[in-house]
Amino acid sequence: HAKKVGRANHQFFAPAMNAAAGARLALERALRQALENQEFELHYQPKVDVASGAVVAMEALLRWRCPQRGMVPPSDFIGVSEEIGLIIPLGAWVLREACRQNRAWQLAGMAHLRMAVNLSAYQFRQKDLPEFVAAVLKETGMDASCLELEVTESVVMHNPAEAAQILDRLHAQGIHISVDDFGTGYSSLSYLKQFRLDTLKIDRSFVRDISSDADDAAIVRSVIALAHSLRLQVIAEGVETEEQLAYLRELGCDQYQGYLRSKPLPAAQFEALLRSGAADTPAAAPKIVAR
Ligand code: C2E
Ligand code: MG
Ligand code: MG
Ligand code: MG
């Protein structure tokens, strides 16, 4: 009898690949449903001016609140969303929601802060991206100068000639362009002069050991010098300690982002942070417990 059952269930138990394929299919199905079911939300992380401590901008970071899986980080679903083409409608939702929220905060009297939105390579390859962005700005009433788009080096280097054109058309609208995770992607620096860019974002991996690793400190110092000589702004990602911030200040970094000031927060909590005055009084920054 046992043998018979075993054979009958063979297709379900034997190949581990079936289980993996099944899980993947379930994930795809759940993701497609998630957009319709409004399970996505944006969290916001402040970008802080190093010199004054003022919040000068925010980055929208996508979260999936899945009823079965709990809160899912983008690393677990952006790749799949790209592979199944969902990233186009999902990315459109992100842009609309970020612009709507930013405009709502401005109408509610909160400071004129820039909103940064991450773009996937797939979105960047859509020929009508500049027109789409213009339409969303118009629809939401958001000022183009308040929008910042973050793209990685690999996104623009995929097709440099085309990318240069798209960046020009975005820049012409007054939109701010940042290179995300700078230093981790394509190694050629020639694109820095071909493309219209405004800010380099130094990747977290260079910031982590900046106060103990001389090589990381040298890289960060060089990137800041490079950015400034190209008339670009520079922001450090992943700043978690006062010590890291002190180094960045010393090296002349313009802005920082990281848990030291705040994790990405749901809209209501981010709004509370803005209202608390933390946006423009450095003294209101959270106190750091001595190490
Ligand atoms: P990213 O754009 O480089 O975003 C920074 C990531 O670092 C975020 O992770 C953020 O939560 C995290 N982070 C910020 N400060 C600190 C810190 O002090 N320490 C540490 N350890 N981490 C910090 P998250 O939210 O999980 O996002 C991961 C990546 O997913 C993003 O990297 C971005 O590439 C992508 N992503 C997020 N939202 C979107 C989106 O709406 N569209 C697209 N296409 N990609 C997105
Ligand atoms: Mg980013
Ligand atoms: Mg980044
Ligand atoms: Mg990153």
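Read the numbers this way: they start at 1 and go in the same order the structure lists the ligands and their atoms. Count residues from 1 along the sequence.
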Step by step, would you call Glu83 with Arg24 a salt bridge (charged side-chain N to carboxylate O under 4.0 Å, His left out)? CA-CA 12 Å; Glu83 286 165 33; Arg24 165 69 191 228; 2.9 Å; yes
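- Using a 4.0 Å cut-off between a side-chain N of Lys or Arg and a carboxylate O of Asp or Glu, Glu59 and Lys201 qualify as a salt bridge.
- Taking the side chain as every heavy atom from C-beta outward, Phe132 and Gln126 never approach each other to under 4.5 Å.
- In Val94, the part holding a heavy atom less than 4.0 Å from any atom of ligand 1 is the side chain.
- In this structure a side-chain-to-backbone donor-acceptor pair under 3.5 Å is present from Asp203 to Ser205.
- Side chains of Pro160 and Phe195 form a contact here, defined as non-hydrogen atoms less than 4.5 Å apart.
- Between Leu62 and ligand 1, an N or O atom pair is found at a separation short of 3.5 Å.
- No salt bridge links Arg125 with Glu162; every basic N to acidic carboxylate O contact stays at or beyond 4.0 Å.
- Within the 4.5 Å cutoff, the side chain of Asp49 has no heavy atoms near those of the Asp254 side chain.
- Contacts between Pro264 and ligand 1, counted as non-hydrogen atom pairs separated by less than 4.0 Å, involve the side chain only.
- Using bins of under 30°, 30° to 60° and over 60° for the plane-to-plane angle, the ring pair Phe77/Trp64 lands in the perpendicular bin.
- Considering both main-chain and side-chain atoms, Arg204 comes within under 3.5 Å of ligand 1 through a nitrogen or oxygen pair.
- At least one N, O or S atom of Asp180 sits under 2.8 Å from the Mg ion (ligand 2).
- Contacts of Asp180 with ligand 1, taken as heavy-atom pairs under 4.0 Å, involve the side chain alone.
- When each of Val72, Ile78, Val80 is paired with Asp76, the side chain to side chain contact (heavy atoms under 4.5 Å, CB included) condition holds for Val72 and for no other.
- Of all atoms in ligand 1, numbered sequentially from 1 with element shown, those under 4.0 Å from a heavy atom of Ser120 are 44 (N).
- Each of Thr140, Val133, Val94 was evaluated against Cys99; a single residue qualifies, Thr140, per the side chain to side chain contact (heavy atoms under 4.5 Å, CB included) test.
- If you look at Glu150 and ask which of its N, O or S atoms sits nearest the Mg ion (ligand 2), the answer is OE1.
- Residue nearest to atom 15 (N) of ligand 1, selected from Gln45, Arg261, Glu59, Lys201: Gln45 (by heavy-atom distance).
- With a 4.0 Å heavy-atom cut-off, ligand 1 is reached by the backbone of Val239 but not by any atom from C-beta on.
- Counting heavy atoms under 4.0 Å from ligand 1, residue Leu260 does not touch it at all.
- Backbone and side-chain nitrogen or oxygen atoms of Gln257 are examined, and none is located within less than 3.5 angstrom of a nitrogen or oxygen of ligand 1.
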Checking salt bridge (charged side-chain N to carboxylate O under 4.0 Å, His left out) for the pair Arg208/Glu240: CA distance, chi angles, key distance, verdict? CA-CA 8 Å; Arg208 196 186 307 120; Glu240 297 182 351; over 6 Å; no
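- Proximity to Ile78 (heavy-atom distance under 4.0 Å) selects the following atoms of ligand 1: 43 (C), 45 (N), 46 (C).
- Within the 4.0 Å heavy-atom criterion, neither part of His43 lies near ligand 1.
- When the Mg ion (ligand 2) is compared with the N/O/S atoms of Glu59, atom OE2 turns out nearest.
- Contacts with ligand 1 closer than 4.0 Å are made by side-chain heavy atoms of Glu237 only, the backbone lying farther away.
- Residue Ser178 does not count as close to the Mg ion (ligand 2), with no N, O or S atom under 2.8 Å.
- Atom CD of Gln173 has more than 12 heavy atoms from other residues, nucleotides or ligands within 6.0 Å.
- Each of the following atoms of ligand 1 lies closer than 4.0 Å to a heavy atom of Gly258: 15 (N), 18 (O).
- Contact annotation: Glu237 places no N, O or S atom under 2.8 Å from the Mg ion (ligand 2).
- Ring geometry, Trp105 versus Tyr44: the interplanar angle exceeds 60°, so the pair is classed perpendicular (tilted spans 30 to 60°).
- Heavy atoms of Arg63 approach ligand 1 to within less than 4.0 angstrom.
- The shortest separation from a heavy atom of Ser75 to ligand 1 is not under 4.0 Å, leaving the residue out of contact.
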